S.K.: 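Here it is: the structure, laid out below.
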Amino acid sequence: VSNIEIEVDRLSATVDFCETLTRAAFEELNGHLFQRCIDTVQSVLVDADCTLGDVTDVVLVGGSTRIPQLQKRLHELFDGRIE
């Protein structure tokens, strides 16, 4: 899906809201949040005294892991070892 329509009925007493959001706009708006996810993964590895090379399997859990941009960044971080 490259576009999604967001609708909020009665945003205020007299206003309904409707907007189309592109994937590119979504990724730009949330880029800093995706980076925080990557930073957290890297921080966990440091805390565990591990390197990316020490990781043999990666399991993604939760709704956010279904976001293509986050999958792409994690795939790049782990050199393609995410399936």
Side-chain angles (χ1 to χ4, degrees):
V1 176
S2 59
N3 294 327
I4 189 163
E5 191 170 295
I6 300 168
E7 294 183 33
V8 180
D9 293 332
R10 297 189 54 91
L11 183 61
S12 69
T14 59
V15 176
D16 290 340
F17 176 81
C18 182
E19 184 68 35
T20 299
L21 183 65
T22 65
R23 180 182 302 267
F26 173 81
E27 290 173 354
E28 183 178 338
L29 289 168
N30 292 287
H32 68 286
L33 297 173
F34 302 147
Q35 187 57 50
R36 281 180 51 193
C37 291
I38 300 301
D39 293 345
T40 299
V41 169
Q42 291 172 326
S43 177
V44 166
L45 291 172
V46 168
D47 290 348
D49 197 28
C50 292
T51 67
L52 289 169
D54 294 330
V55 177
T56 58
D57 294 303
V58 178
V59 178
L60 302 179
V61 179
S64 296
T65 62
R66 293 178 32 197
I67 298 171
Q69 180 65 19
L70 186 55
Q71 290 175 345
K72 178 182 177 230
R73 289 186 183 202
L74 288 166
H75 193 268
E76 290 169 354
L77 180 67
F78 286 101
D79 296 323
R81 289 178 284 155
I82 293 178
E83 297 189 28

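Source: prediction; values computed, not measured. The chain is numbered in sequence order, starting from 1.
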S.K.: Quick check: are there more than 12 heavy atoms from other residues, nucleotides or ligands sitting under 6.0 Å from CG of Asp54?
M.R.: yes
S.K.: In Å, rounded to the nearest 0.5 Å, how long is the span from CD of Glu27 to CG of Leu33?
M.R.: 12.5 Å
S.K.: Quick check for you: to the nearest 0.5 Å, what is the distance between Thr20 atom OG1 and Ile6 atom CD1?
M.R.: 8.5 Å
S.K.: Within a radius of less than 6.0 Å around CD of Glu76, do more than 12 heavy atoms belonging to other residues, nucleotides or ligands occur?
M.R.: yes
S.K.: Using the side chain to side chain contact (heavy atoms under 4.5 Å, CB included) criterion, which residues pair with Asp16? Sequence neighbours excluded.
M.R.: Asp9, Arg10
S.K.: Could you go through Phe26 and Ile67, starting from their C-alpha distance and side-chain angles, then the distance that decides it, and tell me whether this counts as side chain to side chain contact (heavy atoms under 4.5 Å, CB included)?
M.R.: CA-CA 10 Å; Phe26 173 81; Ile67 298 171; 3.9 Å; yes
S.K.: Which atoms form the tightest heavy-atom contact between Ala25 and Leu21, and what is the distance?
M.R.: CB-CD1, 3.7 Å
S.K.: With rounding to the nearest 0.5 Å, note down the distance linking CD in Gln42 to CG in Asp47.
M.R.: 12.0 Å
S.K.: Output side-chain donor-acceptor pairs under 3.5 Å for residues 34-41, partner residues at least two apart or in another chain, one line each.
M.R.:
residue, atom, partner, partner atom, Å
Gln35, OE1, Arg73, NH1, 3.4
Gln35, NE2, Asp39, OD1, 2.8
Thr40, OG1, Arg36, O, 2.8

S.K.: Look up atom CG in Leu52 and atom CG in Leu45, then write down how far apart they are to the nearest 0.5 Å.
M.R.: 5.5 Å
S.K.: Determine, using the 4.5 Å side-chain heavy-atom cutoff (strictly less than), whether Leu60 and Val44 are members of one ILVMFWY cluster.
M.R.: no
